[in-house]
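As the structure is a prediction and not an experimental result, all values here were calculated from the model. Residue numbers start at 1 and run along the sequence shown. One-based numbering, in listed order, for ligands and for the atoms of each.
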Amino acid sequence: MDSSKSGESQKLYIETYGCQMNVADSEVVVSVMEDKGYVVTEDINEADIILVNTCSIRENAEQRIWGRLDVFKQIKKKKPELTIGVIGCMAERLKEKLIEEKKIVDLVVGPDAYRSLPELLKTVETGQKAINVILSKEETYADISPVRLDKNGVSAFISIMRGCNNMCSYCIVPYVRGAERSRDPQSILKEAEDLFQKGYKEITLLGQNVDSYSWKSEDNDLPTGQASGRQGKIIKFAQLLEMVAKISSALRIRFSTSHPKDMSDDVLFTMAMYSNICNHIHLPAQSGSTNVLEKMKRGYTREWYMDRIMAIKKILPDCSISTDIMTGFSGETEEDHQDTLNLMTWVNYDYSFMFKYSERPKTYAARHLKNDITEEIKSRRLTEIIELQGKLSEISKKIDLGKVFEVLVEGVSKKSTDHLFGRNSQNKVVVFPKQNYKTGDYVFVEITECTSATLIGEPIK
Ligand code: 5AD
Ligand code: SF4
């Protein structure tokens, strides 16, 4: 290989699929690469290295990646020296099979092996394929300062833990992201403080199950006056949330994802105490039927889930609630489906992510349960769920007419350059006339109109 091309001057193009955690991981990857002199490009045609950070959650997520690899193959035809790497969850799941299946893939790296990327690239430079899919019990990338790839400079993700110990019967995540481990709170605080110094106004704390965040600490590790500093040496999510919220009242805090079996009232009370912790909880239900939840090994019943919703509504009356719903899981009856629909109506979700069950190899469900709901029935049930959520989302917007919200501006509206858009605490998108406001401002907006997806209003002084 041309020596001017190795190391320093190489251009890296990175594409990210899947969840917010993957977005955060790509920022870690870029940090690791920039440290070694690689330069990020947004133009795929000028790339020396293409990395695709992948998702395995449903079969169609993987299908998309195979499609992208075909596109990369065309680019590589014209540029044979191009390195193509598959990283993330699909890399972890398929390992060397990826290289066997697609000869154009040079590099396969799992979610816990990103530190080894520069070294693996050296191997690729010698003409060999390189692979590292070792999962770790400790890796949290705590000491790595992610390079922010977002454009707005207002909101950023901070990963507070990795992996997952839940073993929901349908889910691939524990297999591709390994065991759960929490990150040192001091490194989280430092990252949040740095972001705030740089002008960021909103951070989202990320984990597969933030409610099981747990860090064993020496007392003197903690800043004085923190809630758990006195007697306990264990920092739970509620305390972490409080520590981050105390950085500044001008820094908004969000988090995702909560787990119904673990979400404690402590977290809700902490949210109530700090106005800069946003009033929104994403609480995936998956199903409204206890029978199905049991087969899913979710660790809660319909009644338990409803109790958690009642706790949110009581402690945080202004809190919006969103969810994930999966339809067509093994053995799901029409009655189970109705239970899901009526749970949705009962909760009155502000928005939902809705999916058809997709069987994933190796999971408990793939090994022990039948994927026995036909595609036709899955589609029909999903349509009913989406239609119901459409109505609920409309209700969720209409009740906001006439209200005033503090909106953090994220940028210029896609539909009109005379308008800005941002979010209120409840995570609803608000659009309003630009006037003299700019990205990063907090603006009080009175809601005058709405569509099913957006609130529209006028700034008030
Ligand atoms: N099939 C369909 N949807 C799934 N999810 C997780 N695993 C699967 C699967 N095998 C959904 C769940 C989860 C969200 C991130 O993706 O609803 O909460
Ligand atoms: Fe995220 Fe799960 Fe997809 Fe991995 S498999 S990218 S953890 S959604």
Can you tell me how far [atom2] of [Y] sits from [atom1] of [X], rounded to the nearest 0.5 angstrom?
X	Y	atom1	atom2	value
Gln286	Leu343	CD	CG	11.5 Å
Lys129	Glu96	NZ	CD	13.0 Å
Cys168	Tyr364	SG	OH	13.0 Å

(message) For residues 313-324, which residue pairs pass the side chain to side chain donor-acceptor pair (under 3.5 Å) check, not counting sequence neighbours?
(response) His280-Ser322, His282-Ser322, His282-Asp324
Which atoms of ligand 1 are found less than 4.0 Å from any heavy atom of [X]?
X	result
Arg360	10 (N)
Phe355	3 (N), 11 (C), 14 (C), 16 (O), 17 (O)
Lys356	1 (N), 2 (C)

(message) Checking the N or O distance criterion of under 3.5 Å, is ligand 1 in contact with Gln286?
(response) yes
(message) Can you confirm, on distance only, whether ligand 1 has an N/O atom lying under 3.5 Å from any N/O atom belonging to Tyr357?
(response)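 No - when backbone and side-chain N and O of Tyr357 are compared with those of ligand 1, no distance drops under 3.5 Å.
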(message) Tell me whether ligand 2 is touched by Gln208 - counting only heavy atoms on the residue side and a distance under 4.0 Å.
(response) yes
(message) At a cut-off of 2.8 Å, what protein N/O/S atoms sit near atom 4 (Fe) of ligand 2?
(response) Cys89 SG
(message) If the contact criterion is a heavy-atom separation under 4.0 Å, does Glu359 count as touching ligand 1?
(response)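 It does not; every heavy atom stays at 4.0 Å or beyond.
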(request) Measure from the side-chain N and O atoms of Lys79 to the backbone N and O of Ala47, and report whether any donor-acceptor pair falls under 3.5 Å. (result) yes
(message) Using a 3.5 Å distance criterion without hydrogens, assess whether the side chain of Thr363 forms a donor-acceptor pair with backbone atoms of Cys171.
(response)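 Pair absent, no side-chain N/O of Thr363 close to backbone of Cys171.
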(request) Specify the protein heavy atom at minimum distance from atom 18 (O) of ligand 1: its residue, its atom name, and the distance to 0.1 Å. (result) Asp324 OD2, 2.6 Å
(message) Suppose we measure from atom 5 (N) of ligand 1 to each protein heavy atom; which comes out shortest, and what is that distance?
(response)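 The closest one turns out to be Arg58 NH1, 3.5 Å.
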Donor-acceptor pair between [X] and [Y] side chains, under 3.5 angstrom:
X	Y	result
Tyr17	Glu15	yes
Arg115	Asn132	no
Thr333	Asp336	yes
Asn53	Asp25	no

(message) Residue-level breakdown please: for Thr257 versus ligand 1, do any non-hydrogen atoms fall below 4.0 Å on the side chain, on the backbone, on both, or on neither?
(response) neither
(request) Please work out whether any backbone atom (N, CA, C, O) or any side-chain heavy atom from C-beta onward of Tyr170 is under 4.0 Å from ligand 1, and answer side chain, backbone, both or neither. (result)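 Answer for Tyr170: both.
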(request) Counting heavy atoms only, name the option from Ser358, Ser352, Ala61 that's nearest to atom 10 (N) of ligand 1. (result)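 The residue whose heavy atom sits nearest atom 10 (N) of ligand 1 is Ser358.
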(request) Applying side chain to side chain contact (heavy atoms under 4.5 Å, CB included), name anything that partners Leu382, two or more places apart in sequence or on another chain. (result) Thr327, Met354, Lys356, Ile386
(message) Using the ring-ring contact (aromatic ring centres under 6.0 Å, His included) criterion, which residues pair with Tyr357? Sequence neighbours excluded.
(response)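 Testing Tyr357 for ring-ring contact (aromatic ring centres under 6.0 Å, His included), a comparison that skips the adjacent residues, returns Phe329.
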